[in-house]
2 protein chains.
Amino acid sequence: MATVSALGYALLCALHRGPLTGYDLVQRMAKPIGYYWTARQSQIYPELARLSAAGLIEHEAEDGPGPRQRKTHRLTAAGRETLAAWLVEPPAPRAPRAPRDEAVLKTYALAAADPDRMREFYLAEAEAYQRRLDDFRAQHTEMRSRHADDPGHPQFGAYATLELALVSTPARIQWCRWMAERMAELGRPHRDQ
Amino acid sequence: MATVSALGYALLCALHRGPLTGYDLVQRMAKPIGYYWTARQSQIYPELARLSAAGLIEHEAEDGPGPRQRKTHRLTAAGRETLAAWLVEPPAPRAPRAPRDEAVLKTYALAAADPDRMREFYLAEAEAYQRRLDDFRAQHTEMRSRHADDPGHPQFGAYATLELALVSTPARIQWCRWMAERMAELGRPHRDQ
DNA sequence: TTGCTCATGTAAGAAGTTACATGATTCA
DNA sequence: TGAATCATGTAACTTCTTACATGAGCAA
């Protein structure tokens, strides 16, 4: 059987609730449901072709708005099985799972920068995360009103990703503010004499 | 002036406290100080050459243990400036910053998998994060005893990355356990009748 | 004598980004 | 008339991973 890439699994995941066009997938992977995976258009279309060739998805084509046909992709039985088997596998402990976080990287080398400017950096970060949190909260309430917080609800998975965002984002915001305070201390070290 | 890649900045960050060999950098970027950035050997050596060509780092060479010379790399004045300017820049809101989290991706499609097996998945995740947290806590205490929790201390940056890990990891563990409970409900839905 | 640590590099390929290309319909 | 949305694709390039290659010194 064909080996499926991480992106391939991400697309199978996105298709698990029902058929979508490539264009729909592009929207979802651009700024996705819970900021957990991204991909560009130029990656998505070839990957859909690969999944199709492997028999994990299939599509119906109709005439589209542009010069090409509009294709609606759905999981095949084999695709559903492949997805189900991958979901329960423990996340590769062997491998990269590289968590790349620019702000944390910068923090590591913070001694090389000006404290006042770093203070502004952390305040801006805190604000950006706060805005994101507000957005998450709105989605969360909306999903609750549709009873997606019931584990049996078909959208419970999407709800659960929001739940994670709602517990981890405040921790991050707190940390940013704490960092901003430390930077203020450094900038004016004799303030409390 | 030459444009520096994200990896390039990561190496400049790693060098900010003093000179290191490529080998040292490989160790640090393999399972680094706070799980915030990773890179492989085969990326690091060419990148060091590029930074050198751009005049941001320089090195002394001695005879090494193997067939090649051992090189100790340090930031130049230009490198230090480039790093300082980058540190205070707000993290690119325009761009990818793709947060790739396999466990969250799987959660999104959780309805396609067997609840009992997913329960095991979340319990394993919780345990893995717990082990990591213990590791972080040990490093944290050790750094505190060396007074790295003082913002003026040269290692405060490294300490601060641990601080973030110590507030965000428990939130993640809680979430994993909460997910495991939801999965248990689904597996035996009539338990409390 | 096998395996580990130190130490630096290259080659081939997969994955991901930026930019280009086409064209109908709808909205301001 | 100009921009946005829907819709699918390709080309060129950068970045990242996996695997190979070399070789001294040291410990079990």
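In what follows, every chain begins at residue 1, and chains take the letters A, B, ... in the order their sequences are listed. Small disclaimer: the values here were computed from a predicted structure and weren't measured.
For B/L7, taking side-chain heavy atoms from C-beta onward, the closest of the listed nucleotides C/dG16, D/dC16, D/dT8 is D/dC16.
Between B/K71 and B/E62 there is no salt bridge, since no side-chain N of the basic residue sits under 4.0 Å from a carboxylate O of the acidic one. Between A/R117 and A/E120, none of the side-chain N atoms (NZ, or NE/NH1/NH2) sits under 4.0 Å from a carboxylate O, so this pair counts as no salt bridge.
Within 4.0 Å of A/Q41, counting heavy atoms only, lies at least one base atom of the nucleic acid. When heavy atoms are screened at a 4.0 angstrom cut-off, B/S5 is found touching the sugar-phosphate backbone but no base atom.
Between B/Q69 and C/dT8 there is no side-chain N or O to OP1 or OP2 distance below 4.0 Å. For C/dT18, one of the phosphate oxygens OP1 or OP2 lies less than 4.0 angstrom from a side-chain nitrogen or oxygen of A/R40. Distances shown here put a side-chain N or O of B/Q43 below 4.0 Å from the OP1 or OP2 atom of D/dC16. Between B/Y23 and C/dT8, a side-chain N or O to OP1/OP2 separation shorter than 4.0 Å is absent. Checking the phosphate oxygens (OP1, OP2) of D/dA21, no side-chain nitrogen or oxygen of B/R68 falls inside 4.0 Å. Side-chain N/O atoms of B/R100 include none lying less than 4.0 angstrom from OP1 or OP2 on C/dA15.
Taking the six-membered ring where the residue is Trp, the centroids of A/H59 and A/H73 are separated by under 6.0 Å.
With hydrogens and angles ignored, no donor-acceptor pair under 3.5 angstrom links the side chain of B/T21 to the base of C/dT8.
Shown here are the side chain to side chain contact (heavy atoms under 4.5 Å, CB included) partners of A/Q174, two or more places apart in sequence or in another chain: A/R177.
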